[in-house]
2 protein chains.
Amino acid sequence: MISKSTEYALKTVVFLSQNLEEGKLFGKKALAEKLELPESYLAKVLQQLAKRNIIGSIKGPQGGFYALPETLNISLLDIVDVFEGLEFFKKCGLGQEECDDENPCPIHKDYEAFRSNLKKTLENKTIRDIISDLDAGKAFLKNLI
Amino acid sequence: MISKSTEYALKTVVFLSQNLEEGKLFGKKALAEKLELPESYLAKVLQQLAKRNIIGSIKGPQGGFYALPETLNISLLDIVDVFEGLEFFKKCGLGQEECDDENPCPIHKDYEAFRSNLKKTLENKTIRDIISDLDAGKAFLKNLI
DNA sequence: ATAAAAAAAGACATAAGTGTCCTTTTTTAA
DNA sequence: TTAAAAAAGGACACTTATGTCTTTTTTTAT
């Protein structure tokens, strides 16, 4: 449910937010090196994030990507939404076309609880929260702090 | 986490268990028609189930597949294990290589709770349970009862 | 103006899951 | 013993996610 795209996006958004300073920009190459991610693939991810206004981008020499003021309020679910959509949180765990409270599949109730709890967790976890956890040493992400 | 292979396998195993009668066999064609599944692909699934002794198979004319006595005690997790393995229940939700209680990712604790709950749910749900739920009208699976 | 730097975009490569088709092997029934 | 029926297995096609490479567009600095 969480693809590489989402994983790379999260790390980039966290990094940019940690380094949010007046006029400070990071190119795809710098980001790929810092975070040890595939540069060309990361470029696509960055473009999608910029298009969705989750981060900002400036073209030309000295250009690059940067965190917006709102970026800190972005939730993990927002990032998942960009790359996977929210279908996962509606679909039946056993792949049944029809599956709801009226017509439940054999694990409907448990699975429904699972996915809605997971959704809530992702929804409530903002970039701000993650950075605060990283700062406090309560959580870790490779190559970030 | 639950692939088409697992979905098809579950439906077949349930069907065969519902029709467990002395000497009664079903060929891949009959199963594919009954369950409305792609016949050639289902054949592969059936082979893997037979190889793992989750169902039995007999070659030759009048041959086919059938449920074993133990088939009723098979859990959903057993079927998942055949086609996806159990990696999902160990892997980090954010794709981090290192992620455990010592070095948790930002959603480690919540995610760990979800996936272990889900695992327990799959582990405790046997084919017998599913058939009993289907019989009682408590659950539904397309083309099964 | 022009060259360079960077984002943006398009085309292609690879791997895994899904799915189909064809051939081989086994085994039973005639 | 032979033909047919069925499982078993191998090879290939399609799709999506992942990843790379090249070209185009934008923009700044000289």
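Small disclaimer: the values here were computed from a predicted structure and weren't measured. Below, chain A is the first sequence line, B the second, and so on; all start at residue 1.
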**Item:** Of B/Q62 and A/S3, the one whose closest DNA chain D nucleotide lies more 5'
**Value:** B/Q62
**Prompt:** Could you give the CD1-to-P distance, from A/I55 to C/dA6, as a whole number of Å?
**Reply:** 16 Å
**Asked** With a 4.0 Å cut-off on heavy atoms, is A/Y8 in touch with a base, just the backbone sugar-phosphate, or nothing at all?
**Response** sugar-phosphate
**Nearest-nucleotide comparison on DNA chain C, the residue closer to the 5′ end among B/K59 and B/F83** = B/F83
**Request:** Could you check how far NZ of A/K28 sits from C1' of C/dA9, rounded to whole Å?
**Result:** 11 Å
**Message:** Please identify the 5'-most and 3'-most nucleotides of DNA chain D with any atom under 4.0 angstrom from a heavy atom of chain A.
**Reply:** D/dT18 to D/dT28
**Item:** Gap separating the NZ atom of A/K109 from the CG atom of A/D101, nearest 0.5 angstrom
**Value:** 9.5 Å
**Request:** Nearest whole angstrom, please: distance from the P of C/dA9 to the CD of A/Q48.
**Result:** 11 Å
**Prompt:** So what does B/I58 touch, heavy atoms closer than 4.0 Å: a base, only the sugar-phosphate, or nothing?
**Reply:** sugar-phosphate
**Request:** From the options A/V14, A/L10, A/L16, select the one residue that forms a side chain to side chain contact (heavy atoms under 4.5 Å, CB included) with A/T12.
**Result:** A/L16
**Asked** Between C/dA8 atom P and A/L49 atom CG, what is the distance in whole Å?
**Response** 11 Å
**Request:** Check B/L25 against B/Q62 and note the closest heavy-atom contact, atom names and distance.
**Result:** CD1-O, 3.2 Å
**Asked** How many Å lie between CD on B/Q47 and P on C/dT20, as a whole number?
**Response** 15 Å
**Request:** Can you see which heavy atom on B/P106 is nearest to which on A/F140, and at what distance?
**Result:** CD-O, 3.9 Å
**Message:** Can you see whether A/N103 engages A/H108 through a side-chain donor-acceptor pair at a distance of less than 3.5 angstrom?
**Reply:** no
**Request:** Check the surroundings of atom NZ in B/K125: do more than 12 heavy atoms from other residues, nucleotides or ligands lie under 6.0 Å from it?
**Result:** yes
**Message:** Donor-acceptor pair, distance only, cut-off 3.5 Å: does the side chain of A/D129 make one with the backbone of A/T126?
**Reply:** yes
**Prompt:** Rounded to whole angstrom units, what separation is found between the CD1 atom of B/I2 and the C1' atom of C/dG17?
**Reply:** 15 Å
**Request:** Let me know the distance between CG of A/L31 and P of C/dA6, rounded to the nearest Å.
**Result:** 12 Å
**Request:** Quick one: do B/Y66 and B/T71 satisfy side-chain hydrogen bond (donor to acceptor under 3.5 Å, both in side chains)? Show the steps, please.
**Result:** CA-CA 9 Å; B/Y66 58 99; B/T71 303; over 6 Å; no
**Request:** Could you check whether B/K44 gets within reach of a base, just the sugar-phosphate, or nothing at all, counting any heavy atom under 4.0 Å?
**Result:** base
**Message:** Let's see if you get this right: which residues in residues 35-42 of chain B place a heavy atom under 4.0 Å from DNA chain C?
**Reply:** B/P38, B/S40, B/Y41
**Complete:** What one should report as the nearest heavy-atom pair of A/K138 and B/P104 is O-CG, 3.4 Å
**Complete:** Rounded to whole Å, CZ of A/R52 lies from P of C/dA8 at a distance of 15 Å
